[in-house]
Each structure stands twice: as C-alpha cells, then as structure tokens.
2 protein chains.
Amino acid sequence: MDHPTRRARATILTLSRSAGVSPSTVSRALKGDPRISKSMRARIAELASDAGYMPNALARTLSSGRSGLLGLVLGPRSNPFYAMLLEEVVAQSAERGLRFLILHAGPGPIEDRTTEALLQYQMDGCLITSADMSSRAAEICAANGVPVVMINRVPRLHASAVSCDNAEGGARMAEHLLQGGHRRAAIIHTGGASSNGIDRERGFSEVFQAGGGAITSRFDGRSVYEGGHAAGRDIAAMAPEMRPDCVFAVSDIIAMGTMDALREAGLAVPRDISVSGFDSIPEAARAAYDITSFEQPLVAMVRRGLDLLAARILEPGLPDEAVTLRGHLIVRGSTRRG
Amino acid sequence: MDHPTRRARATILTLSRSAGVSPSTVSRALKGDPRISKSMRARIAELASDAGYMPNALARTLSSGRSGLLGLVLGPRSNPFYAMLLEEVVAQSAERGLRFLILHAGPGPIEDRTTEALLQYQMDGCLITSADMSSRAAEICAANGVPVVMINRVPRLHASAVSCDNAEGGARMAEHLLQGGHRRAAIIHTGGASSNGIDRERGFSEVFQAGGGAITSRFDGRSVYEGGHAAGRDIAAMAPEMRPDCVFAVSDIIAMGTMDALREAGLAVPRDISVSGFDSIPEAARAAYDITSFEQPLVAMVRRGLDLLAARILEPGLPDEAVTLRGHLIVRGSTRRG
DNA sequence: TTGAAAGCGGTACCAG
DNA sequence: CTGGTACCGCTTTCAA
C-alpha cells in the first residue's frame, strides 16, 4: 500500500546500484571522504543530483547518534524581545546546519510532557530563551545528557547561560539618570520570577542610592506592556510632590506601557518625568517612544549561546559555563539630560 | 567510544530482555495493541516507566514513514501578527502531538537550501505563514509529496490555504468609513507581493468608490511600521485641501506607523483624519493607538490549517483546498463616526 | 497471544 | 581506494 503520488526517493542503495558500486562507497563519496577517488566522487555526485537524491537525516541520526536537531523554548510574544531572539537564532543556526524544533512558545512554563518530546526526537541540545521558564526542563535534559544553554537568563543548575551584564546595565542607567539631575526613582520590576530583572534592579538601586538618589516606589510590571501601563497610571495619580522624577523599567516593553500611561494622564516625558527601559527593542526606539535603554548585544549573545551548545554537543563532559556579555547604554529622548 | 556521561537509554530491546519476551511484544504492548494480554501490557508498562523508557521518535519514523514533524515558515517579526500566529500554532499543534521544525523565520523568502532540510528530516507536512514567501518552496514540497498549507495567504499552486475574507474585510471597512462621512481615502498597501494586501485593497476600493468616495492617493507601506510612518509623513505634508480624510492601511502595523507620523506632524486622529488597519493585533488595540481594524479569526484559521494538513498527511491524494473564514470589523477610536 | 525476522536509510568498522 | 556487513531502534508482516 504505497503512496502512488509519492515517487520512491533515491537512497544510497539505489544510487549504489546504478553506479555499480557498494553503498559504503556512495556514502563516503557523498560526504567527500578523501579516500574515494576524485573521478568516483564526481560520478556519484552527478548520479545523486540526477536522481534528486536527498539524504535521510533521520536515518543518519539513528546510526550516527547525532540528529542536528536543537530544541527551542521561546518566551511570550508579548515581549518583542523574544521575537528578535527567534529571528537571530534561526538565522545563525541555519549557517551552522542546525535546525530547531519548537518545544514551547508563549507565556507560562514548558510542560513536562513537552520536555519529553524533546527526548523522543533525540535532540542534540536545547536552547532556552525564556526568563521565567521552569528549571524542571533543564533538569530533565541534564538527566538525559542533553546539554542546555539559556540565553537572556542567568545560569541555573544543569545549564550553561549567556546573558548581558544586567547589573552593570542597571548601574549605567542609574548614573545616567543621576547626571540628568534625577533623585527620586520609581522602579518597575517583573515580580520575583526573573533573575534578569532582579539583577537589573539591584545594579540600578545600588548606584542610584550611592549617588544620593532614592527609590521612592516599586511596581510589578509583569514583563508586559499592560503591567507597565498600570504602573504608569499609579505614578501619574500620585500627588506631584510625591511623584518620582524618573522611572526605571527593567524592560522596554514595560517602559512603553508606562510612558503611554503617563502621557495619557497628561504628563510630559521627559519634561515632567523621565522614563528608561532595558533591552533596546526596535519598538521602543521609534520616534513615538524614543526610550533611553540599555542594549543587549543580541547577535553576540546568540553566537556565544550556539557556541556553548555546539561545544557541549561535541564534548558531552564539558562543565556548565556562564557567559556575561557587555551591553551598552543608548541615550534617547525619554530621559532629561544634565 | 561511548559518552560515559550519558547513561545508556532503555530501548525496546532492553525492555524485552528484562521482561523475558520478544521485542515485538514490547512494541505492541506499549502502543496498546489489543492482541497483547492485559497482564502483559501492565507488566511492560511498569517496566518501561521504571526504566525511564522513551521511544525513539526518529527510529519509529524510519520504519513507519511518518515523523510527526511539520515544517514551519514564519513571516518577519516586524509584523507582530506572525508572532501571534506562532504562539497559536504551537499551542494547537502540541495538543495534536505534532512538532514544528523551524524552516525559516524572518523577512525575505525561504532559501532552497532550507527547503531541502525539510526533505532530509522527512517532515509530514509544512505550514507557511508568510505572505511574501516564494512559491518555490511549495513547489519543492509538492514534488516530494509533502503537503503544504498556507495560513494568511491566498492559495497558490501546489498548496492548500486558509485565509480570512480579505476582500470582504476591505469592503466592511469602506462601508464604515463612508458611514462616518469620509469621501477621500488614502490607501497604504504592501506593494505587489502580498496577495492578501491586494484583496483587501480591492474590496475596499470597490465599495468605497461605489459609495461615492474617491481613492485620492496610494502608498507602499511595505508591511512594516516604518513604511506606514513614511506614508503618514507624506500625507501630513499635503496641502490641507488635498489631504485625504481617511487612511486605510492593509495591516495594523502599517496603520500604527501612519498614525504616529500624522500625530508627529501635528494632525489629530481622528479629528483631522481617520486611520484604519487590518488584522487587529493587540498592539494596535492599545489605548495609545486604538485603531479601528478588521480582525482575522486567528484561532479558527490555525485550527482549519492544521486540519487541512492532518487530512493530507493521512490521505496524500487529497486535492488542494482553499478555505476562507469570516473575520469581523472592530470599530475603535481612530475613525470618526457618523 | 506471542515470537522471529526482515527491513527503513545510513554509518562505520574490518577486510581486501 | 573499495567492498562487505553489522547495527542504530522500532514497526510490521508472517508464523507458530
């Protein structure tokens, strides 16, 4: 009961027959093994392309043990940062001949059921780009010898990680705001879950306070626009003398919401209050927002992340590693200057 | 040269040995074959879970011919609509036990090289959610008996498709604007490539003109915020008596750019000019934009898309099919009412 | 109700 | 430089 519409595909066996050589010779010729004569290689290459031969990656996996498949866990679309990460990851991994299987995309933690799918597909490794993912997935992977690398997240047990220097970023932002004459800051964080957010807040607070500033209020921005918006509304509702003179949101998407709420309440940014964010997503850079932010070195982060993963796939014993990359402050129009 | 860190995984063979039965019995027991006695099934199930047995999906594919893997082509992140689509697709396919391999994510067409990866991984089917993808990929898939379904794109050769009624959406928007007293419309389209955009524009133009309105200008919004922004700037620069009284952008992301540009130029929306979009992405629904839009029935579109794919995987001979779903107009604050 | 054995498409080791 | 062959993990007839 074959599929009549699906013409039988060429395999190494069929090629070997039409070439009159053995399957192993074909296999070697196809992957450029130097032991095969040039002429034979050329002949087989020609035959293969004529026959429209496509290697069966799955069969190769079965015998070689390596699938070339990586698992990807992506954070929620509500933060455009993850969409950027996705594009960059896909672009860079294509160059390396790696493919991604989507394990999870969206809010909430990855389910155990899903993690198991990973194992069924013999993935060589797993890339996690979500800040609030349960560490359970990493555990399951580790237990099965599948290396895990996290991007945009501080390292946890059973995983390597790449992140930008979040504390440093917070500190740079604090300096910038202090120089602009700000002394009363509101912080919009992400509520416990995100280690990134915590580091950014810590770096900010230390420097801001050391410089004579005060953190006058804190809000939970829940890593979403709406969370920032709600915080902005609360800030705008404060009595003018109680109001902070600047806001540090731990991510741009939050800062966008805050800024909109402040404006809707009739406050001018940065005249009445400065707003700053983190990540430097393109949306926050638009003229309509023009938010001062700390840029994460996205391309480099992805590159290092894939490097870490590739190294651990080649050499399973390698210890976990935490890489911190330097980002940089981008001053835009949403913060008052000195 | 084994990997010492990676404990050997349980396989059907190891299970069969510890159970003292044949591999085929284990295989059948595991998938609930009724021919295996209840007691044996229970015993093997227990053994399997004790051993932490995970089936090797790739090995299964090799012998069964079905991988459970689908290919995904995703449009550029610059339009949040694709990120929505991604989350919905992943959520719904997880329920069906289908996994997605990312073939492409981002701007530009999918490369042939990439399409070939598809074939190497024996994907059962392919889902394409990008408006401007080259039809070449669909062709390659078809040639190899891999069914292709396009979501948010009108059908082409060698593929089934699901889309919302784009022309109808344009028509509804035209009616709405006519009722609001608008008679001079600017259209911001996406420049040839997108069949969706063309249908939306056509539906709009026909009804708007039939109702006594005129299309006074057209701009290429290139499906990106910046394209809409540039068009908005051009519109704002027109002499007031030449200026359109409303704008129909063929997607929300374009409308957002246009709206920002109009406001930056000092025009009020909708007092001076109305702005309308298409898709109804959450970003455009925010209070800061509040854009009147035509909502695509995303959940249903994805459901039908996966249905089409699933049906064609089970029965390879099925003819291509085009499904059109009905969306609906969402009137918000960016368009002047009667 | 269960077992034996032949593949699925490649890889890689051992010969020659 | 090339051939023979066992095997990766699972499915699936065909027998018993």
Side-chain angles (χ1 to χ4, degrees), chain A residues 1-3 6-44 47-48 51-69 119-124 144, chain B residues 1-3 6 8-44 47-48 51-69 116 119-124 144:
Chain A
M1 190 75 78
D2 283 353
H3 309 300
R6 193 174 300 200
R7 194 191 50 204
R9 298 222 312 222
T11 72
I12 281 206
L13 190 69
T14 63
L15 288 182
S16 74
R17 282 205 272 257
S18 47
V21 299
S22 82
S24 23
T25 300
V26 175
S27 172
R28 288 193 276 249
L30 252 22
K31 62 178 44 159
D33 189 312
R35 297 179 303 180
I36 303 293
S37 68
K38 276 205 173 313
S39 59
M40 176 66 85
R41 258 191 280 170
R43 197 156 71 87
I44 292 181
L47 235 50
Y53 170 76
M54 299 278 351
N56 182 328
L58 272 31
R60 173 186 297 137
T61 298
L62 199 53
S63 63
S64 75
R66 230 182 274 328
S67 66
L69 247 31
L119 302 169
Q120 306 201 184
Y121 282 99
Q122 313 300 113
M123 306 203 239
D124 293 339
N144 287 76
Chain B
M1 189 76 75
D2 284 353
H3 308 300
R6 194 174 300 201
R9 300 223 310 223
T11 71
I12 281 204
L13 190 68
T14 64
L15 287 183
S16 76
R17 281 205 271 256
S18 46
V21 298
S22 82
S24 20
T25 300
V26 175
S27 172
R28 289 192 273 247
L30 253 22
K31 63 177 43 156
D33 189 311
R35 296 179 304 181
I36 302 295
S37 66
K38 276 206 174 312
S39 59
M40 177 66 86
R41 256 191 281 171
R43 196 156 72 86
I44 291 180
L47 236 51
Y53 169 75
M54 299 278 351
N56 182 329
L58 270 32
R60 174 188 293 136
T61 299
L62 197 55
S63 65
S64 75
R66 231 183 271 331
S67 66
L69 248 32
E116 291 174 359
L119 302 169
Q120 307 202 180
Y121 283 98
Q122 313 299 116
M123 304 203 240
D124 294 339
N144 287 75

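Residue numbering restarts at 1 for every chain, and letters A, B, ... go by the order of the sequence lines.
Rounded to an integer number of Å, the gap from CZ of A/R60 to C1' of C/dT11 is 10 Å. One atom, CD1 of B/I44, and another, C1' of C/dT1, lie 12 Å apart when rounded to the nearest Å. Atom-to-atom, CG of A/L30 to P of C/dT11 comes out at 8 Å; the value is rounded to the nearest Å. As rounded to whole Å, 9 Å separates atom P of C/dT2 from atom CZ of B/R43. To the nearest angstrom, P of C/dC8 lies 16 Å from CG of A/L58. The CD1 atom of A/I12 sits 14 Å away from the P atom of C/dC8 (whole-angstrom rounding). When rounded to the nearest whole Å, the span between CG of B/L13 and P of C/dG7 equals 19 Å. In this structure, CZ of B/R41 is placed 11 Å from C1' of C/dT1, rounded to the nearest angstrom.
B/T11 comes within contact range of the sugar-phosphate backbone alone, with a heavy-atom separation under 4.0 Å but no base atom that close. Residue A/K31 is in sugar-phosphate contact alone, with no base atom involved, counting any heavy-atom pair closer than 4.0 Å across all strands shown. At the heavy-atom level, A/P55 lies under 4.0 Å from the strands shown only through sugar-phosphate atoms. Using a 4.0 Å heavy-atom cutoff across all strands shown, B/R35 reaches at least one base atom of the nucleic acid.
Rounding to the nearest 0.5 angstrom, the gap separating the CG atom in B/L62 from the CD atom in B/Q122 is 8.0 Å. Between B/T61 atom OG1 and B/M123 atom CE the span is 12.0 Å, to the nearest 0.5 Å. The structure places CG of A/L58 at 11.0 Å from OG of A/S63, a figure rounded to the nearest 0.5 Å.
Nearest approach of A/D124 to A/G68, heavy atoms of both residues: OD2-N, 2.6 Å. Closest of all the heavy-atom pairs between A/I12 and A/P23 is CG2-O, 3.5 Å. Nearest heavy atoms, B/A29 versus B/I36: N-CG1, 3.9 Å.
Contact annotation: side chain of A/R28 to base of C/dG10, donor-acceptor pair absent below 3.5 Å.
Side-chain atoms of A/S64 come within 3.5 Å of backbone N or O of A/R60 as a donor-acceptor pair. Judged by distance alone, with hydrogens and angles left aside, the side-chain atoms of A/S16 form no donor-acceptor pair with the main-chain N or O of A/V26 at under 3.5 Å.
Between A/Y53 and the phosphate of C/dG10, there is a side-chain N or O to OP1/OP2 separation shorter than 4.0 Å. Note on A/S27: every side-chain N or O is 4.0 Å or more away from OP1 and OP2 of C/dG10.
Each of C/dA12, C/dT11, C/dA4 was ranked by its minimum atom distance to the side chain of B/S22; first place goes to C/dA4. Checked against C/dA12, C/dG10, C/dT2, the side chain of A/S24 finds its nearest nucleotide in C/dA12.
Taking a heavy-atom distance under 4.0 Å as the criterion, the stretch of DNA chain D touched by chain B extends 5' to 3' from D/dG9 to D/dT13.
Map A/P23 and A/S39 each onto its nearest nucleotide of DNA chain D; the residue landing nearer the 5' end is A/S39.
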